[in-house]
Amino acid sequence: MPELPEVEVLARHLAPLLRGKTIRAVHVLRSKVIRPTSVKKLEKSLIGAKFTSLHRRGKYLLFELQRSNAGQIACLGHLGMTGRMFLQPKAAPLPKHTALVLDLGRLNFVYEDTRYFGRFTLDNASVEALGPEPLSEAFDADSFALELKRSAQPIKVKLLDQGLVAGIGNIYASEALFRARISPRRKARSLKRDEVQRLHREIRVVLQEAIDCGSTIPLDFAGEASKDRLFYFGTSAESSQFYEERLQVYDRDGKPCVTCKFAVKRIVQAARSTFYCPKCQR
DNA sequence: CACCATGTTCCTTG
DNA sequence: CCAAGGAACATGGT
């Protein structure tokens, strides 16, 4: 469930559930996801620590914990393509691809990830390379324009660069460009001032709308029912219908453009699918 | 069997 | 040194 809005909704959901809880034990079932941190170091750092806060930065989750004597510590989470994080009763069976479990006493914090592309680590290097938060003042149209001027990549590909602006993924890159009426094939440096301004605005609008949408869904992350409630995840009729209404071009290859009825086109850029309306987006 | 999938990182090439 | 391109990672769905 991994773009900025999904991670934001998850962070808001988990923050109050984790606050004040103390980690009794750490179980690493897939050491790959904690690299470069070692199992020993993670255990030593986390056992006995208490969750104090949880924030999102780009697509990352930043867990802050207080250790009884040793002061504060920060932990970084990332969902990769297929990761989920939730709380469940200690007695509940763990999902097949559970990568890490934090024993919180009565409850377990579970991180499961089918493809194991995600992370749960003490290493925060990747967060420091992130560009501005798109929904904050730090993301301003002028600096955005300057950055785009330095790139010869197609604008769609450039939007996926987390150093340009943090949190946009493959779905919202297509959606923002559609709303801004800009072709994903344009070179980043070729965008005119007003196009950059439209794109800057639509990035913020589409992400904020998605957060608002996700925030209204009754969330149940734990157990079996959790899997398919959110966003693009899930193929249950209820959730996919809910989601499809919000996506205007993504995954609509051959279907009529919601604005002009022309067929939406799928192309491949940097080995990823891009969807756009050739008529509306120039 | 083929191709597709919400992401990042590492290695190579120019 | 830097930007850009492509493969790799791992599993499951269609």
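Chain naming here is simple, since letters A, B, ... match the order of the sequence lines and numbering starts at 1 in each.
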Considering only atom [atom1], compute the distance from [N] to [M] and round it to an integer number of Å.
N	M	atom1	value
C/dA7	B/dC3	P	14 Å
B/dT9	C/dG12	C1'	22 Å
B/dC4	C/dG6	P	15 Å

To the nearest angstrom, how far is [X] atom [atom1] from [N] atom [atom2]?
X	N	atom1	atom2	result
A/Arg84	B/dA5	CZ	C1'	17 Å
A/His97	C/dG12	NE2	C1'	8 Å
A/Leu148	C/dA3	CG	C1'	15 Å
A/Lys156	C/dA4	NZ	C1'	15 Å
A/Asp161	C/dA4	CG	C1'	11 Å
A/Met81	C/dA10	CE	C1'	10 Å
A/Leu159	B/dG7	CG	C1'	15 Å
A/Ile171	B/dT6	CD1	C1'	5 Å

**Fill in**
Its contact letters, B for base, S for sugar-phosphate only and - for none at protein heavy atoms under 4.0 Å, make nucleotides 8-14 of chain B read SS-----
**Prompt:** Is the centre of the A/Tyr276 ring less than 6.0 Å from the centre of the A/Phe178 ring?
**Reply:**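 No, the ring of A/Tyr276 stays outside the 6.0 Å limit from the ring of A/Phe178, centre to centre.
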Are [X] and [Y] within salt-bridge range, i.e. N to O under 4.0 Å?
X	Y	value
A/Glu8	A/Arg12	yes
A/Arg56	A/Glu133	yes
A/Asp103	A/Lys90	yes
A/Arg282	A/Glu195	no

Is any side-chain nitrogen or oxygen of [X] closer than 4.0 Å to OP1 or OP2 of [N]?
X	N	answer
A/Tyr116	C/dT11	no
A/Lys96	C/dT11	no
A/Arg150	C/dA4	no

**Asked** Are A/Leu10 and A/Tyr60 connected, step by step, through hydrophobic side chains (Ile, Leu, Val, Met, Phe, Trp, Tyr) whose heavy atoms are closer than 4.5 Å?
**Response**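 No: no chain of side-chain contacts under 4.5 Å links A/Leu10 to A/Tyr60.
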**Prompt:** Are a donor atom and an acceptor atom from the side chains of A/Thr22 and A/Lys50 found within less than 3.5 Å of each other?
**Reply:**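 A/Lys50 and A/Thr22 do not have a side-chain donor-acceptor pair below 3.5 Å.
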**Asked** Does any donor atom in the side chain of A/Gln269 or A/Thr274 lie under 3.5 Å from an acceptor atom in the other side chain?
**Response**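 Looking only at side-chain atoms, A/Thr274 and A/Gln269 do form a donor-acceptor pair, the distance falling under 3.5 Å.
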**Message:** Taking side-chain contact (heavy atoms from CB on, under 4.5 Å) as the criterion, tell me which of A/Met81, A/Lys96, A/His97 meets it with A/Thr114.
**Reply:**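 Option passing the side-chain contact (heavy atoms from CB on, under 4.5 Å) with A/Thr114: A/His97.
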**Request:** Decide whether a cation-pi geometry holds between A/Arg19 and A/Phe51; the criteria are a distance under 6.0 Å from NZ or CZ to the six-membered ring centre and an angle within 45° of the ring axis.
**Result:**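 That pair does not qualify as a cation-pi contact.
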**Message:** So A/Ala152, base contact, sugar-phosphate only, or nothing? Heavy-atom distance under 4.0 Å.
**Reply:**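 Sugar-phosphate: the residue A/Ala152, judged by heavy atoms under 4.0 Å, touches backbone atoms but no base.
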**Request:** Convert the base pairs of DNA chain C into dot-bracket notation, remembering that pairs crossing earlier ones are written with [ ] and that bases paired across to another strand are shown as |; include only Watson-Crick or G-U pairs under 3.5 Å.
**Result:** .||||||||.||||
